[in-house]
Amino acid sequence: MKVFELWPSIAEIAEQVQSGATTATEQVEKALTAIEAATDYNTVLATTSERARSRAAEIDSLVKDGKEVGRFAGVPFIAKDNYLAFGAPTTAASHILENFEAPYQATAIEKLEAEGAILVAKSNLDSFAHGSSTENSAFGPSKNPHDITRVPGGSSGGSAAAVALGLTPFALGTDTGGSIRLPASYCGVIGYKPTYGLVSRYGVVAMASSTDVLGPFANTIVDTALVLDALAGRDPFDGTTIERQATYEITHSSLKGKKVGLVKEFFGEGLDAEVRTVIDAKIAAAKAAGAEVIEVSIPSISLALAVYYVLVPAEVSSNLSRYDGQRYGLSAPTAKDLNESYELAREEGFEAENKRRILIGTYVLSSGYYDAYYKKAQTVRTKLINEFNAVFKNVDFLIGPTAPSTAFKLGENVDDPLAMYLVDIMTVSANLTGIPSVSVPAGFAGNLPVGIQLMAPQTKDAELLELAAGFEGLPS
């Protein structure tokens with residue numbers, strides 16, 4: 001399934017580059033070769049090969065001069081194509097931004113480059129991150145590394161598949177309702193959704209501003225934690241960012257004495273029997289390793305998906321209003337007047353799912369429906385937050401499946417939006433409440449990966465990563 005064998009750890013690659021055992025140029029060429037060999041999976045929309053090679057040469061020159069480069073010296077990575085970055089267009093997998101060249105880079109990209117990392121490609125996604133399968137991309141779907149007839153998940157499916165295939169040691173995604181954790185589960189890698197505001201969103205194409213977060217994919221929790229450590233913290237360009245903890249790097253991973261709440265609502269009707277068997281086995285192994293696992297109930301979780309698909313489309317309709325064909329992006333030069341220019345640019349530039357969410361969002365915000373839908377959904381969101389806070393007084397962490405099933409077939413849910421929305425049922429509550437959450441590989445159902453989802457209270461990301469490291473080491 002992997003184009004190449006797993007990469008060494010980030011720390012190992014950086015140490016080898018810094019010591020002269022390898023070069024940044026060699027690492028970049030290795031990644032670009034792997035990307036070229038994996039074109040059948042459609043994980044990458046464009047490479048930044050020219051800029052990547054130039055940056056690699058600069059790093060090699062610094063190393064040759066005996067200078068320290070950083071914790072990511074010469075380590076290649078891939079970013080979802082809604083991160084503004086130099087070296088390739090930032091399309092958000094849409095026609096409306098097909099030729100858009102970023103005038104500046106996202107804070108996340110800048111932070112990683114400051115540590116010596118090298119962006120080598122932009123990955124495929126559901127257009128504007130609207131979807132759960134990467135089938136809504138204007139440039140065709142990505143494919144699951146474990147079964148090319150199945151989806152890799154979405155909306156960050158390209159990044160998850162890239163890491164699973166071994167194209168780079170890590171990749172970046174965004175998570176608005178599960179868009180990092182779901183593809184991580186489907187592709188058998190680690191996907192981390194931080195506390196809301198821990199990582200700056202500056203320079204990333206907005207979907208829903210109150211739930212969007214940025215996070216990494218990797219093959220180990222140690223690498224995941226290292227990337228988060230580089231990304232976390234306040235940013236003067238993003239007023240929603242929060243203070244970070246001292247470090248996110250893993251110091252220990254014992255499960256002994258950890259009090260973990262098994263969310264009752266995640267184990268009801270709709271959970272695939274094979275997935276449940278895998279999750280139950282992992283929980284049993286955690287108990288044997290010393291974790292205390294008790295059942296808890298969060299009643300409003302049953303309403304979380306409905307709340308999400310009221311609030312998020314409302315924010316989508318607002319955020320996408322800036323794409324009007326006038327200031328940047330696709331325009332309509334044949335339009336007879338301004339209104340026709342708007343209509344043609346948005347008709348040709350947006351995918352069907354983009355339009356569906358704009359219409360839903362405009363509807364729930366319109367006069368006569370705001371109180372009935374949007375205001376009521378916000379009230380339930382507050383209730384959900386209060387229920388999570390109450391449960392976290394009795395347990396340190398929460399656990400459940402990441403997804404109700406393994407990866408579905410390409411095309412299976414394309415014509416059924418409700419079925420597509422339901423695959424997010426396990427993940428959306430973490431976004432609505434702003435808590436950190438991670439999907440860790442738990443095993444296989446048949447030949448397809450299953451992820452287990454771990455959650456913690458807001459700002460307890462370091463503790464969650466240590467818990468995840470403990471689960472990572474358990475037998476499947």
Side-chain angles (χ1 to χ4, degrees), residues 3-4 6-38 43-65 67-90 101-102 104-124 156 158-159 161-163 165-173 199-200 203-204 214-220 222-224 226-231:
V3 175
F4 286 100
L6 281 180
W7 291 68
S9 71
I10 291 171
E12 287 172 321
I13 296 170
E15 190 280 327
Q16 290 170 9
V17 169
Q18 194 74 64
S19 69
T22 186
T23 65
T25 297
E26 289 172 342
Q27 299 305 306
V28 165
E29 293 303 330
K30 177 181 175 180
L32 292 173
T33 299
I35 290 167
E36 180 62 29
T43 60
V44 165
L45 295 181
T47 66
T48 60
S49 54
E50 184 177 345
R51 187 170 187 273
R53 287 175 173 132
S54 176
R55 290 205 67 245
E58 291 173 7
I59 288 170
D60 289 337
S61 179
L62 289 170
V63 170
K64 190 176 179 180
D65 291 340
K67 296 180 180 177
E68 287 291 324
V69 179
R71 291 181 293 173
F72 292 78
V75 178
F77 73 100
I78 289 172
K80 187 176 180 178
D81 198 28
N82 56 353
Y83 283 71
L84 270 62
F86 299 143
T90 298
E101 296 286 345
Y104 60 92
Q105 294 202 118
T107 294
I109 303 292
E110 290 285 320
K111 283 188 170 185
L112 287 167
E113 287 194 346
E115 293 271 15
I118 302 175
L119 177 70
V120 294
K122 306 293 291 297
S123 63
N124 199 9
S156 307
S159 288
V163 172
L165 287 164
L167 306 189
T168 53
F170 74 96
L172 299 182
V199 178
S200 171
V204 176
L214 283 58
F217 294 94
N219 280 300
T220 68
V222 168
D223 278 358
T224 302
L226 187 60
V227 177
L228 184 65
D229 195 60
L231 296 177

With sequence neighbours excluded, tell me which residues meet side chain to side chain donor-acceptor pair (under 3.5 Å) with Asp60.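 For Asp60 the side chain to side chain donor-acceptor pair (under 3.5 Å) partners, ignoring immediate neighbours, are Thr25.
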
For Ser123, side chain to side chain donor-acceptor pair (under 3.5 Å) partners two or more places apart: Ser159

One pair to check against side chain to side chain contact (heavy atoms under 4.5 Å, CB included): Val227 and Phe217. What are the steps and the verdict? CA-CA 9 Å; Val227 177; Phe217 294 94; over 6 Å; no

Roughly how far, to the nearest 0.5 Å, is the [atom2] atom of [Y] from the [atom1] atom of [X]?
X	Y	atom1	atom2	value
Asn124	Ser156	CG	OG	10.5 Å
Ile59	Phe72	CD1	CZ	12.0 Å
Asp229	Thr224	CG	OG1	12.5 Å
Leu119	Thr48	CG	OG1	4.0 Å
Leu231	Ser200	CG	OG	9.5 Å
Lys64	Thr23	NZ	OG1	12.0 Å

Side chain of [X], backbone of [Y]: donor and acceptor closer than 3.5 Å?
X	Y	value
Gln18	Val69	yes
Glu115	Glu110	no
Arg51	Ala88	no
Tyr83	Gly173	yes
Thr33	Glu29	yes
Arg71	Leu226	no

Is any side-chain heavy atom of [Y] closer than 4.5 Å to one of [X]?
X	Y	answer
Phe170	Asp223	no
Val75	Trp7	no
Leu167	Thr43	yes
Val204	Asn82	yes
Val120	Ile78	yes
Leu214	Leu172	no
Leu84	Ile109	no
Ile13	Pro169	yes

What pair of heavy atoms forms the shortest contact from [X] to [Y], and how long is it?
X	Y	result
Thr168	Pro76	CB-O, 3.6 Å
Gly166	Ala34	O-CB, 4.3 Å
Ala102	Phe86	O-CE2, 3.5 Å
Leu165	Ala38	CD1-CB, 4.3 Å

What residues form a side-chain contact (heavy atoms from CB on, under 4.5 Å) with Thr47, not counting sequence neighbours? Leu32, Ile35, Val44, Ser49, Ala121

Under a 3.5 Å cutoff, is there a donor and acceptor pairing between the side chains of Gln27 and Gln16?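 No - no donor-acceptor pair under 3.5 Å links their side chains.
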
Establish, from distance only, whether the side-chain atoms of Thr90 and Lys122 form a donor-acceptor pair under 3.5 Å.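 Note: Thr90 and Lys122 side chains meet the donor-acceptor criterion.
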
Considering residues, nucleotides and ligands other than Glu36, do more than 12 of their heavy atoms fall under 6.0 Å from its CD? no

